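The structure presented is a predicted model; accordingly, all values stated were derived computationally and were not measured.
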Amino acid sequence: MKSKIYPSPAAALDGLLFDGMTIMSGGFGLSGNPESLIPEVRASGVKSLTVISNNAGADGFGLWMLLESRQVAKMISSYVGENKLFEQQYLSGELELELNPQGTLAERIRAGGAGIPAFYTKTGVGTVVAEGKPVETFEGQEYVRETWLRADLSIIKAWKADPAGNLMFRKTARNFNPNMATAGKVTVVEVEEIVEAGALDPDAIHTPGIYVDRIVLSTINEKRIEKLTTRARENVA
């Protein structure tokens, strides 16, 4: 059986990237971003990408790198935050944006991984979110129909993996990553630690290895803080 473990982020993406593809990228703010894989997507030079991600990174970090290199044609996101480059490209017409309520985005990705083409939700009814989408009534309440999201490639970050690709995520870095692992035709995961087979407690595995195609050890683990808030130390007598 061929090993799922690859020697470098570049090797883990070899043969998977092409112009016009759709990529899911994990992360919430700066937590759980595939920090080592994104620079390799940039280095490959692929363009006209559709990227599905909660957000587009922050100045100089995460998916911002692909915006800066003008490789992204469309973002499907739920939070654009304070990313000035994102704002500039969207307002200038360079970047297409499909904005989703955050829970809807998560469910669309989960539905894609579960093989559910569409579902109904109250979120967005009567707003621009529902424009052009079917709306139906259930038990006297209106619901808007949303469709699944799937991708040619999912790039995600986990805490630990075993050789079979079973994954554990750490705290808030779990965010969108497990759902995205299920919704990509190919899933590449970078991890902080690769452990021996049998080392992970089966009850503690968040994503089964059946969803993971390639594994690589992270080369970047900056774990930046998006907004650092501090307070003055109290006087100590």
Side-chain angles (χ1 to χ4, degrees), residues 13 16-113 121 123-124 127-133 144 146-157 173 175-188 190 224 226:
L13 292 174
L16 301 179
L17 302 173
F18 57 90
D19 292 347
M21 72 184 302
T22 298
I23 298 177
M24 284 188 181
S25 180
F28 183 96
L30 301 185
S31 176
N33 283 258
E35 301 168 83
S36 309
L37 292 169
I38 291 172
E40 298 303 332
V41 175
R42 173 171 172 145
S44 74
V46 290
K47 57 185 183 296
S48 301
L49 301 174
T50 294
V51 178
I52 301 169
S53 181
N54 173 66
N55 62 90
D59 288 352
F61 184 81
L63 291 173
W64 182 95
M65 300 175 67
L66 300 184
L67 292 178
E68 197 271 339
S69 59
R70 302 305 196 269
Q71 289 169 267
V72 181
K74 178 179 180 179
M75 286 290 307
I76 301 177
S77 303
S78 59
Y79 177 65
V80 297
E82 299 171 6
N83 188 321
K84 296 300 181 183
L85 182 58
F86 191 119
E87 177 186 19
Q88 291 166 10
Q89 291 186 11
Y90 172 65
L91 293 177
S92 69
E94 289 182 76
L95 181 68
E96 184 181 352
L97 171 62
E98 184 180 325
L99 198 59
N100 294 254
Q102 190 154 268
T104 300
L105 179 67
E107 183 63 8
R108 291 182 72 191
I109 295 168
R110 190 199 70 81
T121 175
T123 306
T127 73
V128 294
V129 170
E131 289 181 2
K133 300 173 183 176
V144 60
E146 297 284 356
T147 54
W148 62 7
L149 286 173
R150 297 184 293 175
D152 298 301
L153 171 68
S154 290
I155 53 174
I156 65 173
K157 183 161 190 173
N175 51 63
F176 286 81
N177 282 300
N179 283 346
M180 287 185 172
T182 70
K185 291 179 183 177
V186 179
T187 295
V188 178
E190 61 174 84
R224 297 189 189 187
E226 192 166 3

Tell me, with the steps shown, if Ile52 and Ile23 meet side-chain contact (heavy atoms from CB on, under 4.5 Å). CA-CA 6 Å; Ile52 301 169; Ile23 298 177; over 6 Å; no

Report yes or no: does Ser69 contribute a side-chain atom to a donor-acceptor pair with the main-chain N or O of Arg42 at less than 3.5 Å? no

Short question: side chain of Asn55, backbone of Gly57 - any donor-acceptor pair under 3.5 Å? yes

Checking Asn175 side chain against Ser31 main chain: does a donor-acceptor pair fall under 3.5 Å? yes

Go through the steps for Ile156 and Phe176 under the test side-chain contact (heavy atoms from CB on, under 4.5 Å), then give the verdict. CA-CA 9 Å; Ile156 65 173; Phe176 286 81; over 6 Å; no

side-chain contact (heavy atoms from CB on, under 4.5 Å), that's the test. Do Glu94 and Arg70 meet it? Break it down for me. CA-CA 9 Å; Glu94 289 182 76; Arg70 302 305 196 269; 2.9 Å; yes

Closest non-hydrogen contact found for Met24 with Leu149 is CE-O, 3.4 Å

For Thr50, which residues count as a side chain to side chain contact (heavy atoms under 4.5 Å, CB included) partner, sequence neighbours excluded? Thr22, Lys74, Ile76

For Leu16 against Met21, the heavy-atom pair lying closest together: O-CE, 3.4 Å

For Ser25 and Ser53, the nearest pair of non-hydrogen atoms, with its separation, is O-OG, 3.1 Å

Between Asn177 (side chain) and Gly32 (backbone), is there a donor-acceptor pair under 3.5 Å? yes

So do the side chains of Lys185 and Leu153 get within less than 4.5 Å of each other, counting heavy atoms only? no

Among all residues two or more places apart in sequence or in another chain, which pass the side chain to side chain contact (heavy atoms under 4.5 Å, CB included) test with Ala111? Ile116, Phe119, Trp148

For side-chain hydrogen bond (donor to acceptor under 3.5 Å, both in side chains), just list the numbers for Asn100 and Ser78, CA-CA rounded to whole Å, side-chain angles, deciding distance to a tenth of an Å, and then say yes or no. CA-CA 5 Å; Asn100 294 254; Ser78 59; over 6 Å; no

May I ask you to decide if Ser36's main-chain N or O and Glu190's side chain share a donor-acceptor pair within less than 3.5 Å? yes

Can you name the closest pair of heavy atoms from Asn54 and Leu105 and give their distance? CA-CD2, 4.0 Å

Under the side-chain contact (heavy atoms from CB on, under 4.5 Å) criterion, do Leu63 and Met65 qualify, and how do the steps go? CA-CA 5 Å; Leu63 291 173; Met65 300 175 67; over 6 Å; no

Thr121 and Glu146 side chains, donor-acceptor separation under 3.5 Å: no

Of all heavy-atom pairs linking Asp19 and Gly45, the shortest is OD1-O, 4.4 Å

For Gln71 and Val41, the nearest pair of non-hydrogen atoms, with its separation, is NE2-O, 3.4 Å

For the side chain of Arg108 and the backbone of Thr147, is there at least one donor-acceptor N/O pair under 3.5 Å apart? yes

Expected output: side-chain Asn33 to main-chain Glu35 donor-acceptor under 3.5 Å: no

Indicate yes or no: at least one non-hydrogen side-chain atom of Val72 is less than 4.5 angstrom from one of Leu95. yes

Sub-3.5 Å donor-acceptor pair from the side chain of Ser92 to the main-chain atoms of Gln88, do we have one? yes

